[in-house]
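What follows is a short report on a single structure.
Since the structure is predicted, the reported quantities are computational estimates derived from the model, not experimental observations.
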Amino acid sequence: MNMSAADPIEAMLLAAGIAPDHTLREVLAGRQDIFEGIDTTEKAALRPNEPGGISHDQRAALAARMARLNGEAAMADHYAGQIQDAASVAAIAEPHLQDDANPRLQAILRHVDLVTSNPKDASRVDIEALKAQGLADADIVRLSELVAFVNFQLRVVAGLRLMGGSS
């Protein structure tokens, strides 16, 4: 596999402790189709053509937040590296942020944290809370896609780490 450090797949492999010369890379090269799908999906989730009411920078910051909630510092750095205007959204990436001054953002953060940390506790009430703060149905779907993808990607990293023998 021949990828740059900015490549989402390379970021995942390095976060999993799979160095460029690791023997697992040969095995994974045979699954290039899966990795291409992950790469395409990351771009669609973090930088879609139509971001709707959740900007590209907000998406990257939310992804970094989810990575931090999962204890994946390297992936948090990968996502945070995609933020163009860090001054405006960088704090979103910090799990301790609870922005009471912005109820819309607060609802988004609460939802992202809940679905990332305790997905079984999420309910229709949580979706209604997003709607009550002005999120359109399409933005709720976009947010759900982002949360689902990032948490999937983080689990792939954890699985790769196990396969590679890193802890």
Side-chain angles (χ1 to χ4, degrees), residues 1-52 54-97 108-122 139-167:
M1 293 164 131
N2 199 3
M3 296 170 249
S4 71
D7 185 306
I9 304 309
E10 185 65 16
M12 290 173 55
L13 293 170
L14 293 175
I18 301 172
D21 61 347
H22 196 289
T23 57
L24 184 56
R25 294 236 182 183
E26 252 181 74
V27 174
L28 295 174
R31 301 310 317 243
Q32 193 64 28
D33 57 330
I34 293 171
F35 288 108
E36 288 172 3
I38 291 172
D39 180 49
T40 300
T41 305
E42 180 182 292
K43 289 173 183 160
L46 270 74
R47 294 217 163 287
N49 292 334
E50 297 295 328
I54 303 171
S55 74
H56 293 146
D57 283 353
Q58 289 171 327
R59 289 164 182 271
L62 289 168
R65 181 185 186 95
M66 288 180 265
R68 288 189 176 109
L69 285 169
N70 279 287
E72 292 288 350
M75 288 303 292
D77 291 345
H78 166 69
Y79 298 130
Q82 297 181 45
I83 298 171
Q84 302 291 314
D85 182 11
S88 69
V89 299
I92 292 171
E94 300 302 325
H96 66 272
L97 174 70
I108 291 170
L109 297 178
R110 182 187 175 287
H111 185 74
V112 167
D113 293 356
L114 175 66
V115 176
T116 296
S117 301
N118 299 302
K120 67 180 175 22
D121 294 338
D139 286 331
I140 293 170
V141 169
R142 289 178 185 111
L143 180 62
S144 297
E145 290 168 346
L146 176 68
V147 171
F149 172 74
V150 170
N151 282 291
F152 160 77
Q153 191 175 38
L154 297 173
R155 280 158 184 74
V156 170
V157 169
L160 290 169
R161 186 176 295 118
L162 289 172
M163 290 172 61
S166 301
S167 53

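Contact detail for Leu24 and Leu160: the closest heavy-atom pair is CD2-O, 4.1 Å. The two residues Arg68 and Ala76 make their nearest non-hydrogen contact at CG-CB, 3.6 Å. Closest heavy-atom contact between Val147 and Met66: CA-SD, 3.7 Å. Looking at every heavy atom in both residues, Ala122 comes nearest to Val115 through CB-CG2, 4.1 Å. Heavy atoms only, all atoms of each residue included: Leu14 and Arg25 are closest at CD2-NH2, 3.8 Å. Between Leu69 and Pro95, the shortest heavy-atom distance links the atoms CD2-CB, 3.6 Å.
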Checklist entry - Would Arg142 and Asp139 count as a salt bridge (Lys or Arg N to Asp or Glu O under 4.0 Å) if you check the C-alpha gap in whole Å, the side-chain angles of each, and the deciding distance to 0.1 Å? => result CA-CA 5 Å; Arg142 289 178 185 111; Asp139 286 331; 2.7 Å; yes
Next on the checklist: What verdict does the side-chain contact (heavy atoms from CB on, under 4.5 Å) test give for Thr41 and Glu145, after you've listed the backbone C-alpha separation in whole Å, the side-chain angles of each residue and the deciding distance to 0.1 Å?
Outcome noted: CA-CA 10 Å; Thr41 305; Glu145 290 168 346; over 6 Å; no
Checklist entry - Are Leu154 and Thr116 close enough, and set up right, to give a side-chain contact (heavy atoms from CB on, under 4.5 Å), and what steps lead you there? => result CA-CA 11 Å; Leu154 297 173; Thr116 296; 5.9 Å; no
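The structure places CD1 of Ile83 at 10.0 Å from CD of Gln58, a figure rounded to the nearest 0.5 Å. The distance from the CD atom of Glu36 to the CD1 atom of Ile9 is 9.0 Å, given to the nearest 0.5 Å. Rounding to the nearest 0.5 Å places CG of Leu109 at 12.5 Å from CG of Leu114. Expressed to the nearest 0.5 Å, how far CE of Met12 lies from CD1 of Ile18 amounts to 9.0 Å. One finds the CZ atom of Phe149 at 7.5 Å from the CG atom of Leu46 (value rounded to the nearest 0.5 Å).
Put simply, the side chain of Arg59 gets close to the backbone of Ile54: a donor and an acceptor are under 3.5 Å apart. The backbone N or O of Asn151 lies less than 3.5 Å from a partner atom in the side chain of Arg155, making a donor-acceptor pair.
With sequence neighbours excluded, the residues that form a salt bridge (Lys or Arg N to Asp or Glu O under 4.0 Å) with Asp39 are Lys43.
Counting only heavy atoms from C-beta outward, the side chains of Glu10 and Phe35 never approach each other to under 4.5 Å. Using a 4.5 Å cut-off on side-chain heavy atoms (C-beta onward), Ile34 and Val156 make no contact. When side chains are defined from C-beta on, Leu62 does not count as touching Val150, because their heavy atoms never get closer than 4.5 Å.
Using a 3.5 Å distance cut-off with no hydrogens or angles, the side chains of His78 and Gln153 do not pair a donor with an acceptor.
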